[in-house]
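Residue numbers start from 1 in every chain, and the chains themselves are labelled A, B, ... in the order their sequence lines are given, proteins ahead of strands.
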Protein chains: 2
Amino acid sequence: MKTDDSLDSPIAAICREKGMKLTGQRRTIAHVLSESDDHPDVEELYRRATAVDPRISIATVYRTVRLFEEQGILRRRDFGGGRARYETTDHGDHFHLIDVDSGTVMEFDDEELKALLAGIGARMGYEVATTRLELYGRRKKKKGR
Amino acid sequence: MKTDDSLDSPIAAICREKGMKLTGQRRTIAHVLSESDDHPDVEELYRRATAVDPRISIATVYRTVRLFEEQGILRRRDFGGGRARYETTDHGDHFHLIDVDSGTVMEFDDEELKALLAGIGARMGYEVATTRLELYGRRKKKKGR
DNA sequence: TAGTATATGAGAACGATTATCAGTTGCAAG
DNA sequence: CTTGCAACTGATAATCGTTCTCATATACTA
Ligand SMILES: [Zn+2]
Ligand SMILES: [Zn+2]
Ligand SMILES: [Zn+2]
Ligand SMILES: [Zn+2]
(Lines give C-alpha, C1' and ligand atoms only; values in the text may rest on other atoms or scores of the structure.)
(Ligands and ions follow the chains in the order given, each with its own letter.)
Protein backbone atom coordinates (compact mmCIF):
# COMPACT_ATOMS: atom_id res chain seq x y z
CA MET A 1 0.00 0.00 0.00
CA LYS A 2 1.49 3.30 -1.08
CA THR A 3 1.75 5.90 1.64
CA ASP A 4 0.06 9.11 0.54
CA ASP A 5 1.17 11.87 2.90
CA SER A 6 -1.66 14.10 1.69
CA LEU A 7 -3.91 11.79 3.68
CA ASP A 8 -2.34 12.69 7.00
CA SER A 9 -4.80 14.05 9.51
CA PRO A 10 -5.24 14.89 13.19
CA ILE A 11 -6.90 11.53 13.77
CA ALA A 12 -4.02 9.71 12.06
CA ALA A 13 -1.70 11.54 14.44
CA ILE A 14 -3.71 10.29 17.39
CA CYS A 15 -3.47 6.75 16.04
CA ARG A 16 0.31 7.08 15.87
CA GLU A 17 0.47 8.50 19.40
CA LYS A 18 -1.57 5.59 20.68
CA GLY A 19 0.74 3.13 18.93
CA MET A 20 -1.96 1.87 16.59
CA LYS A 21 -0.75 0.36 13.35
CA LEU A 22 -1.42 2.93 10.65
CA THR A 23 -2.53 1.06 7.56
CA GLY A 24 -3.47 2.71 4.31
CA GLN A 25 -7.16 2.06 4.90
CA ARG A 26 -7.02 3.41 8.42
CA ARG A 27 -5.20 6.53 7.27
CA THR A 28 -7.85 7.16 4.62
CA ILE A 29 -10.76 6.64 7.03
CA ALA A 30 -9.06 8.89 9.60
CA HIS A 31 -8.64 11.55 6.93
CA VAL A 32 -12.29 11.33 5.91
CA LEU A 33 -13.42 11.54 9.52
CA SER A 34 -11.15 14.48 10.27
CA GLU A 35 -12.68 16.56 7.56
CA SER A 36 -16.29 15.55 8.29
CA ASP A 37 -18.36 17.94 10.36
CA ASP A 38 -21.63 16.05 10.23
CA HIS A 39 -23.01 12.72 11.52
CA PRO A 40 -22.36 10.12 8.79
CA ASP A 41 -23.36 6.49 9.07
CA VAL A 42 -21.10 3.62 8.01
CA GLU A 43 -22.44 3.52 4.46
CA GLU A 44 -21.72 7.19 4.04
CA LEU A 45 -18.21 6.84 5.48
CA TYR A 46 -17.65 3.91 3.12
CA ARG A 47 -18.70 6.12 0.20
CA ARG A 48 -16.40 8.94 1.27
CA ALA A 49 -13.46 6.62 1.94
CA THR A 50 -13.69 4.64 -1.31
CA ALA A 51 -13.90 7.94 -3.20
CA VAL A 52 -10.37 8.58 -1.90
CA ASP A 53 -9.09 5.01 -2.17
CA PRO A 54 -11.24 2.22 -3.59
CA ARG A 55 -9.15 -0.45 -1.86
CA ILE A 56 -11.30 -0.30 1.26
CA SER A 57 -14.01 -2.76 2.15
CA ILE A 58 -17.12 -1.99 4.13
CA ALA A 59 -15.97 -4.55 6.72
CA THR A 60 -12.93 -2.45 7.41
CA VAL A 61 -15.05 0.67 7.84
CA TYR A 62 -17.16 -1.17 10.42
CA ARG A 63 -14.03 -2.42 12.19
CA THR A 64 -12.40 1.01 12.15
CA VAL A 65 -15.32 2.99 13.55
CA ARG A 66 -15.60 0.42 16.33
CA LEU A 67 -11.89 0.69 17.06
CA PHE A 68 -11.98 4.48 16.99
CA GLU A 69 -14.97 4.50 19.30
CA GLU A 70 -13.19 2.21 21.76
CA GLN A 71 -10.20 4.53 21.60
CA GLY A 72 -12.34 7.55 22.38
CA ILE A 73 -11.79 9.09 18.95
CA LEU A 74 -15.36 8.70 17.75
CA ARG A 75 -18.74 8.94 19.45
CA ARG A 76 -21.54 6.71 18.27
CA ARG A 77 -24.99 8.25 17.96
CA ASP A 78 -28.38 6.73 17.25
CA PHE A 79 -30.96 9.04 15.74
CA GLY A 80 -33.33 6.19 14.87
CA GLY A 81 -33.50 4.66 11.42
CA GLY A 82 -31.59 1.63 12.57
CA ARG A 83 -28.06 2.71 11.63
CA ALA A 84 -25.37 4.08 13.89
CA ARG A 85 -24.08 7.58 13.14
CA TYR A 86 -20.63 8.81 14.06
CA GLU A 87 -18.95 12.09 14.95
CA THR A 88 -15.50 12.91 16.28
CA THR A 89 -15.33 13.37 20.05
CA ASP A 90 -13.44 16.64 19.64
CA HIS A 91 -16.79 18.24 18.78
CA GLY A 92 -17.34 18.21 22.53
CA ASP A 93 -20.44 17.48 24.56
CA HIS A 94 -23.69 18.59 22.96
CA PHE A 95 -27.25 17.60 22.12
CA HIS A 96 -29.11 17.27 18.83
CA LEU A 97 -32.22 18.65 17.24
CA ILE A 98 -33.44 16.69 14.23
CA ASP A 99 -35.70 18.21 11.59
CA VAL A 100 -38.23 15.41 11.09
CA ASP A 101 -39.10 16.62 7.60
CA SER A 102 -35.61 16.93 6.13
CA GLY A 103 -33.61 14.71 8.48
CA THR A 104 -31.19 17.57 9.09
CA VAL A 105 -29.27 17.20 12.35
CA MET A 106 -28.48 20.36 14.29
CA GLU A 107 -26.39 20.65 17.42
CA PHE A 108 -27.01 22.68 20.53
CA ASP A 109 -25.73 23.01 24.04
CA ASP A 110 -27.21 24.58 27.13
CA GLU A 111 -25.64 24.85 30.57
CA GLU A 112 -28.94 25.41 32.33
CA LEU A 113 -30.24 22.19 30.76
CA LYS A 114 -27.19 20.22 31.83
CA ALA A 115 -27.49 21.55 35.39
CA LEU A 116 -31.18 20.74 35.50
CA LEU A 117 -30.59 17.18 34.33
CA ALA A 118 -27.79 16.63 36.83
CA GLY A 119 -30.06 17.99 39.56
CA ILE A 120 -32.92 15.67 38.62
CA GLY A 121 -30.58 12.69 38.68
CA ALA A 122 -29.14 13.74 42.03
CA ARG A 123 -32.60 14.15 43.53
CA MET A 124 -33.32 10.56 42.51
CA GLY A 125 -30.08 9.43 44.17
CA TYR A 126 -28.06 9.02 40.99
CA GLU A 127 -24.92 10.39 39.51
CA VAL A 128 -25.73 10.93 35.84
CA ALA A 129 -23.02 9.34 33.69
CA THR A 130 -24.53 9.73 30.22
CA THR A 131 -27.41 11.71 28.85
CA ARG A 132 -29.14 10.82 25.69
CA LEU A 133 -31.23 13.72 24.49
CA GLU A 134 -32.62 14.46 21.08
CA LEU A 135 -35.36 16.83 20.08
CA TYR A 136 -37.35 15.97 16.97
CA GLY A 137 -39.32 18.83 15.51
CA ARG A 138 -40.54 20.77 12.50
CA ARG A 139 -39.59 24.22 11.38
CA LYS A 140 -41.91 26.83 12.85
CA LYS A 141 -43.88 28.98 10.47
CA LYS A 142 -43.04 32.65 10.85
CA LYS A 143 -45.63 34.26 13.04
CA GLY A 144 -47.87 36.58 10.94
CA ARG A 145 -48.02 40.29 11.87
CA MET B 1 -60.38 -20.50 20.64
CA LYS B 2 -62.24 -20.47 23.91
CA THR B 3 -63.14 -17.05 25.24
CA ASP B 4 -61.87 -16.65 28.78
CA ASP B 5 -63.63 -13.66 30.27
CA SER B 6 -61.04 -13.49 33.05
CA LEU B 7 -58.70 -12.17 30.38
CA ASP B 8 -60.73 -9.04 29.73
CA SER B 9 -58.76 -5.85 30.27
CA PRO B 10 -58.88 -2.11 29.64
CA ILE B 11 -56.81 -2.56 26.49
CA ALA B 12 -59.17 -5.26 25.21
CA ALA B 13 -62.00 -2.78 25.74
CA ILE B 14 -60.15 -0.22 23.65
CA CYS B 15 -59.71 -2.82 20.91
CA ARG B 16 -63.45 -3.46 20.90
CA GLU B 17 -64.21 0.27 20.80
CA LYS B 18 -61.90 0.69 17.83
CA GLY B 19 -63.61 -2.20 16.04
CA MET B 20 -60.49 -4.35 16.06
CA LYS B 21 -61.13 -8.08 15.84
CA LEU B 22 -60.57 -9.44 19.31
CA THR B 23 -58.85 -12.79 18.91
CA GLY B 24 -57.83 -15.00 21.81
CA GLN B 25 -54.17 -14.13 21.33
CA ARG B 26 -54.90 -10.45 21.18
CA ARG B 27 -57.04 -10.62 24.30
CA THR B 28 -54.23 -12.41 26.16
CA ILE B 29 -51.57 -9.95 25.04
CA ALA B 30 -53.84 -7.03 25.92
CA HIS B 31 -54.36 -8.56 29.36
CA VAL B 32 -50.63 -9.01 29.92
CA LEU B 33 -49.95 -5.45 28.83
CA SER B 34 -52.69 -4.02 31.00
CA GLU B 35 -51.23 -5.51 34.11
CA SER B 36 -47.61 -4.65 33.26
CA ASP B 37 -46.16 -1.55 34.85
CA ASP B 38 -42.62 -1.85 33.50
CA HIS B 39 -40.92 -1.68 30.08
CA PRO B 40 -40.88 -5.24 28.69
CA ASP B 41 -39.37 -6.18 25.36
CA VAL B 42 -41.04 -8.56 22.91
CA GLU B 43 -39.33 -11.65 24.32
CA GLU B 44 -40.56 -10.80 27.79
CA LEU B 45 -44.10 -10.14 26.55
CA TYR B 46 -43.97 -13.47 24.74
CA ARG B 47 -42.96 -15.17 28.00
CA ARG B 48 -45.76 -13.50 29.94
CA ALA B 49 -48.34 -14.20 27.26
CA THR B 50 -47.48 -17.87 26.73
CA ALA B 51 -47.59 -18.36 30.50
CA VAL B 52 -51.28 -17.47 30.23
CA ASP B 53 -51.96 -19.24 26.94
CA PRO B 54 -49.29 -21.24 25.14
CA ARG B 55 -51.13 -20.99 21.83
CA ILE B 56 -49.39 -17.72 20.97
CA SER B 57 -46.43 -17.39 18.62
CA ILE B 58 -43.69 -14.79 18.88
CA ALA B 59 -44.72 -13.56 15.41
CA THR B 60 -48.12 -12.63 16.78
CA VAL B 61 -46.55 -10.74 19.67
CA TYR B 62 -44.46 -8.74 17.20
CA ARG B 63 -47.53 -8.08 15.07
CA THR B 64 -49.64 -7.11 18.05
CA VAL B 65 -47.23 -4.62 19.61
CA ARG B 66 -46.84 -3.00 16.20
CA LEU B 67 -50.61 -2.80 15.78
CA PHE B 68 -51.10 -1.45 19.30
CA GLU B 69 -48.42 1.14 18.72
CA GLU B 70 -50.08 2.27 15.49
CA GLN B 71 -53.37 2.50 17.38
CA GLY B 72 -51.79 4.67 20.06
CA ILE B 73 -52.21 2.03 22.76
CA LEU B 74 -48.50 1.33 23.22
CA ARG B 75 -45.42 3.51 23.13
CA ARG B 76 -42.19 2.05 21.82
CA ARG B 77 -39.00 2.85 23.69
CA ASP B 78 -35.35 2.19 22.92
CA PHE B 79 -33.01 2.06 25.88
CA GLY B 80 -30.15 0.59 23.86
CA GLY B 81 -29.36 -3.10 23.80
CA GLY B 82 -30.92 -3.47 20.39
CA ARG B 83 -34.44 -4.49 21.38
CA ALA B 84 -37.55 -2.34 21.49
CA ARG B 85 -39.27 -1.96 24.84
CA TYR B 86 -42.95 -1.18 25.28
CA GLU B 87 -45.20 0.57 27.77
CA THR B 88 -48.86 1.56 27.66
CA THR B 89 -49.51 5.14 26.60
CA ASP B 90 -51.82 5.68 29.58
CA HIS B 91 -48.67 6.00 31.68
CA GLY B 92 -48.54 9.51 30.29
CA ASP B 93 -45.62 11.57 29.09
CA HIS B 94 -42.42 11.04 31.07
CA PHE B 95 -38.67 10.47 30.85
CA HIS B 96 -36.45 7.64 32.03
CA LEU B 97 -33.43 7.22 34.27
CA ILE B 98 -31.61 3.92 33.77
CA ASP B 99 -29.34 2.45 36.44
CA VAL B 100 -26.36 1.37 34.36
CA ASP B 101 -25.33 -1.24 36.95
CA SER B 102 -28.64 -3.03 37.40
CA GLY B 103 -30.49 -2.03 34.24
CA THR B 104 -33.41 -0.79 36.35
CA VAL B 105 -35.57 1.74 34.54
CA MET B 106 -37.07 4.56 36.59
CA GLU B 107 -39.51 7.20 35.41
CA PHE B 108 -39.56 10.89 36.11
CA ASP B 109 -41.25 14.01 34.89
CA ASP B 110 -40.37 17.67 35.24
CA GLU B 111 -42.33 20.64 33.98
CA GLU B 112 -39.36 22.99 34.13
CA LEU B 113 -37.41 20.57 31.96
CA LYS B 114 -40.19 20.31 29.41
CA ALA B 115 -40.50 24.10 29.24
CA LEU B 116 -36.75 24.50 28.86
CA LEU B 117 -36.63 21.98 26.00
CA ALA B 118 -39.57 23.60 24.22
CA GLY B 119 -37.84 26.98 24.62
CA ILE B 120 -34.57 25.70 23.19
CA GLY B 121 -36.41 24.27 20.19
CA ALA B 122 -38.34 27.49 19.67
CA ARG B 123 -35.17 29.57 19.84
CA MET B 124 -33.78 27.40 17.04
CA GLY B 125 -36.93 27.96 14.99
CA TYR B 126 -38.52 24.60 15.65
CA GLU B 127 -41.66 23.25 17.15
CA VAL B 128 -40.55 20.23 19.17
CA ALA B 129 -42.72 17.23 18.28
CA THR B 130 -40.95 14.46 20.15
CA THR B 131 -38.30 14.43 22.83
CA ARG B 132 -36.11 11.49 23.45
CA LEU B 133 -34.40 11.82 26.79
CA GLU B 134 -32.80 9.20 28.96
CA LEU B 135 -30.38 9.63 31.81
CA TYR B 136 -27.95 6.80 32.46
CA GLY B 137 -26.33 6.86 35.88
CA ARG B 138 -25.13 5.03 38.94
CA ARG B 139 -26.52 5.16 42.44
CA LYS B 140 -24.81 7.84 44.48
CA LYS B 141 -22.95 6.78 47.57
CA LYS B 142 -24.39 8.38 50.70
CA LYS B 143 -22.27 11.38 51.55
CA GLY B 144 -20.26 10.63 54.75
CA ARG B 145 -20.70 13.05 57.69
C1' DT C 1 -74.90 -21.64 10.79
C1' DA C 2 -72.31 -20.03 6.66
C1' DG C 3 -69.37 -16.56 4.43
C1' DT C 4 -65.67 -13.54 4.36
C1' DA C 5 -62.31 -10.57 5.79
C1' DT C 6 -58.80 -10.73 8.99
C1' DA C 7 -55.50 -13.08 12.13
C1' DT C 8 -52.29 -16.73 13.14
C1' DG C 9 -48.12 -20.10 13.15
C1' DA C 10 -44.02 -21.58 11.19
C1' DG C 11 -40.38 -20.45 9.01
C1' DA C 12 -38.09 -17.67 5.27
C1' DA C 13 -36.33 -13.12 4.42
C1' DC C 14 -34.31 -8.87 5.76
C1' DG C 15 -30.86 -5.22 7.16
C1' DA C 16 -27.31 -3.75 10.14
C1' DT C 17 -23.49 -5.43 12.32
C1' DT C 18 -20.01 -8.91 13.81
C1' DA C 19 -17.25 -13.08 13.18
C1' DT C 20 -14.31 -16.18 10.45
C1' DC C 21 -10.31 -17.22 7.99
C1' DA C 22 -6.97 -17.28 4.43
C1' DG C 23 -3.99 -14.05 2.52
C1' DT C 24 -1.63 -9.24 3.08
C1' DT C 25 0.92 -5.54 5.23
C1' DG C 26 3.00 -2.28 8.71
C1' DC C 27 6.74 -2.01 11.33
C1' DA C 28 10.67 -3.19 14.11
C1' DA C 29 14.81 -5.80 14.64
C1' DG C 30 18.85 -7.41 12.45
C1' DC D 1 17.45 -3.05 2.76
C1' DT D 2 15.62 -7.86 4.08
C1' DT D 3 13.09 -10.68 7.25
C1' DG D 4 9.47 -12.16 10.67
C1' DC D 5 5.45 -11.85 12.75
C1' DA D 6 1.65 -9.73 14.92
C1' DA D 7 -1.94 -7.11 13.38
C1' DC D 8 -4.95 -5.96 9.57
C1' DT D 9 -7.88 -6.71 5.48
C1' DG D 10 -11.41 -8.52 1.99
C1' DA D 11 -14.91 -11.62 1.09
C1' DT D 12 -18.42 -13.78 2.86
C1' DA D 13 -20.88 -16.45 6.42
C1' DA D 14 -23.19 -15.87 10.72
C1' DT D 15 -25.99 -13.35 14.01
C1' DC D 16 -29.88 -10.95 15.88
C1' DG D 17 -34.05 -8.42 16.15
C1' DT D 18 -37.75 -7.77 13.32
C1' DT D 19 -40.84 -8.19 9.25
C1' DC D 20 -42.79 -10.88 5.52
C1' DT D 21 -45.06 -14.94 3.26
C1' DC D 22 -48.55 -18.07 2.76
C1' DA D 23 -51.41 -21.82 3.89
C1' DT D 24 -54.65 -22.58 7.55
C1' DA D 25 -57.73 -21.02 11.25
C1' DT D 26 -60.89 -17.81 13.43
C1' DA D 27 -63.96 -13.85 14.75
C1' DC D 28 -67.71 -11.46 13.56
C1' DT D 29 -71.82 -10.40 10.46
C1' DA D 30 -75.87 -11.58 8.43
ZN1 LIG E 1 -10.33 14.86 1.52
ZN1 LIG F 1 -23.20 16.14 17.02
ZN1 LIG G 1 -52.72 -12.01 34.68
ZN1 LIG H 1 -41.85 4.64 31.10
Side-chain angles (χ1 to χ4, degrees), chain A residues 1-5 7-8 12-13 15-30 32 39-47 49-50 52-71 74 76-86, chain B residues 1-5 7-8 11-13 15-30 32 39-47 49-50 52-71 73-74 76-86:
Chain A
M1 161 88 38
K2 76 179 168 203
T3 291
D4 181 346
D5 288 332
L7 293 181
D8 269 327
C15 289
R16 233 182 311 261
E17 280 167 31
K18 295 195 179 234
M20 300 157 66
K21 196 187 272 191
L22 199 45
T23 63
Q25 291 87 335
R26 214 169 265 180
R27 189 193 319 272
T28 299
I29 295 169
V32 163
H39 303 80
D41 60 21
V42 167
E43 290 284 348
E44 177 59 25
L45 288 173
Y46 177 60
R47 250 175 259 125
T50 48
V52 175
D53 180 350
R55 282 178 304 178
I56 296 177
S57 76
I58 186 101
T60 294
V61 180
Y62 271 107
R63 271 190 291 249
T64 304
V65 293
R66 186 148 49 108
L67 174 69
F68 284 2
E69 194 200 353
E70 287 162 6
Q71 297 294 322
L74 286 185
R76 190 204 306 240
R77 300 286 191 180
D78 172 9
F79 299 143
R83 19 225 298 175
R85 316 269 299 254
Y86 292 89
Chain B
M1 158 85 40
K2 77 179 167 205
T3 292
D4 181 346
D5 288 332
L7 292 182
D8 268 328
I11 291 179
C15 290
R16 231 182 312 259
E17 280 166 32
K18 295 193 179 236
M20 299 158 66
K21 196 190 272 193
L22 198 45
T23 63
Q25 291 87 335
R26 214 169 264 180
R27 190 194 317 274
T28 298
I29 295 168
V32 163
H39 303 80
D41 60 21
V42 167
E43 290 284 348
E44 177 59 25
L45 287 173
Y46 176 61
R47 252 175 258 124
T50 48
V52 175
D53 180 348
R55 282 178 303 178
I56 296 177
S57 77
I58 187 101
T60 294
V61 180
Y62 271 107
R63 271 190 290 247
T64 304
V65 294
R66 186 149 50 107
L67 174 69
F68 284 2
E69 194 200 354
E70 288 163 6
Q71 295 296 322
I73 295 169
L74 286 185
R76 189 203 308 241
R77 302 286 190 180
D78 173 8
F79 299 144
R83 20 224 299 176
R85 316 267 301 253
Y86 293 89

Spacing of B:R55 atom CZ relative to C:dG9 atom P, expressed in whole Å: 9 Å
Length of the OH-P vector between B:Y46 and D:dT19, whole Å: 17 Å
A:I29 and A:T60, any side-chain heavy atoms less than 4.5 Å apart: yes
OP1 or OP2 of C:dT8 under 4.0 Å from side-chain N/O of B:T23: yes
Given D:dT18, D:dA7, D:dA11, the nucleotide with the shortest approach to the side chain of B:V42: D:dT18
B:G81 or B:A59, whichever maps to the more 5' nucleotide of DNA chain D: B:G81
Value in whole Å for how far the C1' atom of C:dT25 lies from CD1 of A:I56: 15 Å
side-chain N/O A:S57 vs D:dT9 OP1/OP2, d < 4.0 Å: no
B:Y62 side chain near D:dT18 phosphate (N/O to OP1/OP2, under 4.0 Å): yes
D:dC20 OP1/OP2 closer than 4.0 Å to side-chain N/O of B:R66: yes
Nearest-angstrom distance from the residue atom CE of B:M20 to P of D:dT29: 15 Å
Taking every non-hydrogen atom, the tightest pair across B:T28 and B:A49: CG2-O, 3.7 Å
Per A:K21 side chain, nearest of listed nucleotides C:dT17, D:dG10, C:dT25: C:dT25
SB check A:E44 A:R47 (cutoff 4.0 Å): yes
A:R16 side-chain N/O to A:L22 backbone N/O, donor-acceptor pair under 3.5 Å: no
Main-chain N/O of A:L7 paired with A:R27 side-chain donor or acceptor, under 3.5 Å: no
Any A:Q25 side-chain N or O less than 4.0 Å from OP1/OP2 of D:dG10: yes
Donor-acceptor pair under 3.5 Å, A:R27 side chain vs C:dG26 base: no
Whole-Å distance separating the CZ atom of A:R76 from the P atom of C:dT17: 8 Å
d(CD1, B:I58; C1', D:dC20) in whole Å: 16 Å
Residue whose closest nucleotide on DNA chain D lies nearer the 5' end, A:V61 versus B:G82: A:V61
Atom-pair distance (NZ on A:K18; P on C:dG26), nearest Å: 22 Å
Atom pair distance, as rounded to whole Å: CG in A:L67 and C1' in D:dC8: 11 Å
B:R26 side-chain N/O to C:dA7 phosphate OP1/OP2 under 4.0 Å: yes
